[in-house]
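I have placed the structure first, in the form of structure tokens, so that the comments after it can refer back to it.
The figures here come from the full heavy-atom set of this structure, side chains too, leaving out hydrogens, waters and symmetry mates. Below, chain A is the first sequence line, B the second, and so on; all start at residue 1.
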Amino acid sequence: MALPLTFNIALFYTLFVVLFTDVVFCNNGRRVGDVMDTEFGGFSVPLEHSFEVDDVAQFRVRGALVLKAGREPSVALTQNQLSEEDRAKLKEVAAVDGLYRIRVPRVLLQADRQTERQLEGYLTAFVRACAMVESHLSDVISLHTDVSGYLIGVSIVTLPGACRGTEVEDEVDLEVFNTTLSVMGPVNAPGPETALFLERMEMETEKKGKNPQEQKSFFAKYWYLILGGAIFLVVSSAAQPPAGGGSEQS
Amino acid sequence: MAKLIWLCLNFVILCSTVGAVFEDQVGKFDWRQQYVGKVLFSNFDAQSQSSKKVIVATENNVFASLNIRTGELFWRHVDAIGPEGKIDALLHHGQDALLVVGDGRLLRSWEINIGGLNWEIVLDSGSFQSACLIGQQDIVKHVAVLKKTAISLHYLSNGHQKWIENLPESETVDYQSVYSGGNGEVYVLGIVPHSHIAIVVYSLDDGEIIRQFSVEAPWLSNIQASCAVIGEGMLTCADSATVSLYMLDLESQTEMSQIPLQSLGLEVTPGFQPVLRSTQPNAARPPLSEFFLQVGPEQHLLLQLNDGQIVTLRDFNPALLVSFATTGEKTIAAVMSPKNTTACSVNLFSAETGRRLLDTTLIFPLDPNGGKPEELYVQAFLKKDDSVGYRIMVQTEDHTLTFIQQPGRVMWTREEALSDVVTMEMVDLPLTGTQAELEGEFGKKAAIQDGLFSMVLKRLSSQLILLQAWISHLWKLFYDARKPRSQVKNEVTIENLSRDEFNLQKMMVMVTASGKLFGIDSKTGTIVWRHYLDNIPANAAFKLMVQRTTAHFPHPPQCTLLIKDKDTGLATLHVFNPIFGKKSHVTPPAMPQPILQSLMLPVMDQDYAKVLLLVDDQYKVSAFPSTKNVLQQLQEIASTIFFYLVDSSQGRLSGYRLRTDLSTELIWEVVVPTEVQKIVSVKGKRPNEHVHSQGRVMGDRSVLYKYLNPNLLAVVTESTDTHPERSFMGILLIDGVTGRIIHEAVQRKAKGPVHIVHSENWVVYEYWSTKSRRNEFSVIELYEGTELYNSTVFSSLDRPHAPQVLQQSYIFPSSISTMEATLTEKGITSRHLLIGLPSGGILSLPKMFLDPRRPEIVTEQSREENLIPYAPELLIRSEWFINYNQTVTRVRGIYTAPSGLESTCLVVAYGLDIYQTRVYPSKQFDVLKDDYDYMLISSVLLALFFATMISKRLAEVKLLNRAWR
């Protein structure tokens, strides 16, 4: 994500110009997705963060999220480095086990016009400031959208996530964010898998049909057992009368 | 072939895991109680003195017949829930009872002896107003049903319609009442509020309008509330503004005559709307000329209309309730008046003269834990000496029915509040007195405080007590043994309630919608205590919490009931002892602010009461109990206390963290736009749930670890678009501490009602598939993978990797009413889902069938793992019904509680009925069977023992002999 950053910035800036100048943009509502895909449109919202010793949130801009709508929404992030002052503060906050919070405005990814995109309010998430420090600012931010493309939640975790109390000596480690960013929509929950089951059933019956041994009737299959049983019965019944007679005689 | 055998084996194993009930076990571990609900209409079967039925129609759309000797149900008919099955009117004639159901949709006639349906007809549409029986020449043959725009007459014998007539000017006139005095005319009384009364008289024979006139009555707004027909067609209305009665002869006059009550020497309590109550014992004859006039909350007058003049027969002051009753040709008036704080007295008076009948006093005991009497139903009968005897059924505010015989013997009571249980908990019973004594003796505190000598004394005294208890137990055994078995009763009282060996008997604390609390012994279903809270708002929400269990002797157990008014959000707390039902002396905090959320912490104060946190609408937190100790503890752990709030109207889920000064800070926010979907339910895990195994052993002997996040919330949303093609339901799994969305799935072409169970590492939900038009189950399971991130402790703040999510769906052949999972002490026993079906069955479905790892293609590994091959349909096997033929009508909730035995889970299903049983999801692996042959095993053991002894001896002798040789 970090590699093509400069390229991305350049690309998106040009795209902004295209998008904003493109005022009389016409499409018939049905093919929004298609058009957006080909147009490769995107828009930017601020990503803000806050870390204060007294835990009263004061959000400042951390970077800009460039969201691209479409069937497969994607996101890119441009963010500033932490200043000297901020680094010191972050370490201070981490020392008192404060929180590092982020927030993004609520937006609708799928809308055509800027005015429709923005909704009232923010989505916030947090991570312990010490985890942020100890992971050397490597965080994973995911944005969650709902079915219709509304941003419904944001989450942040650091890697590694634990606070072990290890001191971060090198100031340089706290300069650049190493952010992994993703945007996730809801997955489609599976319904009952009837087709495959039926197919399997069919295959099994077919297999049975192919195997001639399986198709034999009960008698055809077990004739030797039945015959054996019958012989045994006959023999035993034939053997009994003399024995019985013998016992009667004695 | 191998596959087939494998399948067969599987089925054998699976079927055998569910132990069905043997015939001789019926009712041994389970019981059922059937209820009818709050009574709306009630009639005694007045055929003869020996009749023992009372028929009731209730708010819960139930029509039933009760045995007046025992209070048990003869029969019961349960109609559809809601307005569709609402019983509008109950008319009783001879052996038939007529019901108008569903706002005048149906007219039904029931045979009341066996509860069979005589006939049923569908009435023309229109909202129902009134119904009455119509007779002529002393024979009642018809019933008239008045609707908003039409009146119809039906034969009693077969329900066929005799005639139907549209009402004139029905757009302006509000027809409210129908009356017939048995003279071949049917009077329909309508009103234009604050203007005039409109009266239409129909001929009984052909429905022709005989007369039609209107009378000025600008003061009248509602006929049914303030008017009654008295005597020979005299419409009498009471008006509180002018404090007078208005009378109108329906046959001749065209103007109402005003009779000021003052002229009769009567006064009305200011602000009280006088109420008239008349009686028409026989529908073929006009009503009696005697009637009751209620002039104050506790004052009734018995008046008589005599040649157009009103005469006061008797003044009843104070009188709580009055009622008329007729037997043979005699009509009597029963009056209930307060006697003292603990009882009311009921007396009979002759309706004609107002004289008190001798020897008719009956005492009605007022339950201090019950409500005030609300309605009085009287059954009068003629004794052999022609005097009048009677029994009464009293309905109180707490929906209790009490049936009393002279002189005050309570025959039975029915707690109909239990037909509407809202929430419940099961609490362990306390130890017996002797056990508690021992506990107290060896308690830690005691040992430190006392010296050696007093300890010895204590030991001796407690041993004496034990001896005494043992002797009395022996004596009781001996005493009972002499009596025939049928007479030995094991009455359950508070005194002999104690915990049994395996903690199978518990106290069920039930909270009902009417605000009455019950303590029920789970073994027998006996109501041990009841307590009526009389200031409950109509739309209250209840949350019951156990703050202190019975484990902390000598501190009494403590339950807290949070009662919240849904409109204002204002809440009150009721703190009580769940074993005795007594209100605790602990004063709950006053809560002037609306309460948003409550949460029970595992933190305890010095008296072992768990701390309850209440969050108000200013996001301030108050603790209960709020002692210094508690506040100090809270300060220490404040930064680890997180809670979440759900605002479904805005689709907002937000997380907060507690600060040391008991204020809160917002730490995360998730917003689900309400334009697209709305949050319908949020479900966490049960705090008392244990999971025994951390993972599952796979076919290749590796372990798949479960994702056991105790803070995980399952959020269910439904789309606002209800079109079958576009509707969907969403399921969000959110960590309640960090607000992280763990999983987000959407089930397309599905809609609610969604039932969901969330436990261990799985979520099971049921929905309606609009595409396939069937009910479907879906299961989500979460796994960490083959390696645990941190095996010692789970922290939501430090679990960066998202879990693996597996999901599978199945077809279920029935709709469901409610769903719950079994719960056992240590979580070793496999889990079952208990599903309440609308048919009244409770299905115990092994969770094994709802496993997303069920393979579609069977492999060696899946076989090794004991996974059942995937089949899209979940079958309902009849042996899975845990309530065999004990139908639980309209089941609304299932409560599960662990017992002291790992194999056993206690189950209570409640709805209109209450059913309690035990289930053994993995069979009774830790219990010997009922028919276990102790004699055989012990005799074999003994025999073997002796055999060894003897053979040893013999061997010794033999050896000795050999040595001598």
May I ask you to test the K683(B)-L713(B) pair for a side-chain heavy-atom distance under 4.5 Å?
no

Could you tell me which non-hydrogen atom of E134(A) sits nearest to which non-hydrogen atom of A162(A), and how far apart they are?
OE1-O, 3.5 Å

So which of I156(A), V75(A), T180(A) actually passes side chain to side chain contact (heavy atoms under 4.5 Å, CB included) with I141(A)?
I156(A)

Checking salt bridge (Lys or Arg N to Asp or Glu O under 4.0 Å) for the pair K208(A)/E206(A): CA distance, chi angles, key distance, verdict?
CA-CA 5 Å; K208(A) 262 186 197 168; E206(A) 236 170 70; over 6 Å; no

Minimal non-hydrogen separation, V763(B) against I731(B), with atom names:
CG1-CD1, 4.1 Å

Heavy-atom nearest pair, G185(A) first then T145(A), reads CA-OG1, 3.3 Å

Return yes when atom OH of Y619(B) has more than 12 non-hydrogen atoms of other residues, nucleotides or ligands closer than 6.0 Å, and no otherwise.
no

Given S769(B), A871(B), P852(B), G739(B), the one with more heavy-atom pairs under 4.5 angstrom with chain A than any other is A871(B)

In sequence, state the C-alpha distance, the side-chain angles, and the governing distance for S796(B) and D735(B), and then conclude on side-chain hydrogen bond (donor to acceptor under 3.5 Å, both in side chains).
CA-CA 7 Å; S796(B) 284; D735(B) 188 302; 2.8 Å; yes

Turns out that what part of F777(B) lies under 4.5 Å from chain A's heavy atoms comes down to neither

Looking only at non-hydrogen atoms, find the nearest pair between G153(A) and L123(A) and report the distance.
N-CD1, 3.6 Å

When the 4.5 angstrom heavy-atom criterion is applied to E675(B) and chain A, the contacting part is side chain

Using ring pair (Phe, Tyr, Trp, His ring centres under 6.0 Å), reason through F794(B) and Y707(B) one step at a time and then give a plain yes or no.
CA-CA 10 Å; F794(B) 189 96; Y707(B) 179 77; 5.8 Å; yes

Rounded to the nearest 0.5 Å, what separation is found between the CD1 atom of I857(B) and the OH atom of Y870(B)?
13.0 Å

Nearest-0.5 Å distance, CG of residue L875(B) to CZ of residue F812(B):
10.0 Å

Aromatic plane relationship, Y765(B) with Y767(B) - under 30° parallel, 30 to 60° tilted, over 60° perpendicular
tilted

Under 4.5 Å to a heavy atom of chain B? For M184(A) that would be backbone

With salt bridge (charged side-chain N to carboxylate O under 4.0 Å, His left out) as the test, pick out the partner of D86(A) among K91(A), R62(A), R60(A).
R60(A)

Any R740(B) side-chain heavy atom under 4.5 Å of V157(A) side chain:
yes

Should T738(B) and L797(B) count as side-chain neighbours, where that means a heavy-atom distance under 4.5 Å?
yes

Taking atom CG of L196(A) and atom CG of L198(A), what is their separation to the nearest 0.5 Å?
9.0 Å

Thinking salt bridges, do R799(B) and E784(B) make one under a 4.0 Å N-O criterion?
yes

Between the CD1 atom in I734(B) and the CG atom in N711(B), the distance rounded to the nearest 0.5 Å is 13.0 Å

Filtered by a 4.5 Å non-hydrogen cutoff, the part of residues 741-757 of chain B contacting chain A is I741(B), H743(B), E744(B), A745(B), V746(B), Q747(B), R748(B)

For chain A, find its close neighbours in residues 803-810 of chain B: heavy-atom separation under 4.5 Å, sorted by number, or none.
Q807(B), Q808(B), S809(B), Y810(B)

Is any residue of residues 646-668 of chain B within less than 4.5 Å of chain A by heavy atoms, and which ones?
R657(B), R659(B), E665(B), L666(B), I667(B), W668(B)

When only pairs under 4.5 Å are counted, which of V140(A), T158(A), V147(A), V56(A) shares the most heavy-atom pairs with chain B?
V147(A)

Can you tell me which of P186(A), S148(A), S155(A) forms the most heavy-atom pairs within a distance under 4.5 Å of chain B?
P186(A)

Do any of residues 99-107 of chain A come closer than 4.5 Å to chain B, heavy atom to heavy atom, and if so which ones, in number order?
L99(A), R101(A), R106(A)

I'd like to know whether E725(B) forms a salt bridge (Lys or Arg N to Asp or Glu O under 4.0 Å) with K771(B), so could you lay out the CA-CA distance, the side-chain angles of the two residues, the decisive distance to 0.1 Å, and finally the verdict.
CA-CA 7 Å; E725(B) 280 296 311; K771(B) 185 188 169 201; over 6 Å; no

Quick one: what part of F126(A) sits under 4.5 Å from any heavy atom of chain B, side chain, backbone, both or neither?
both

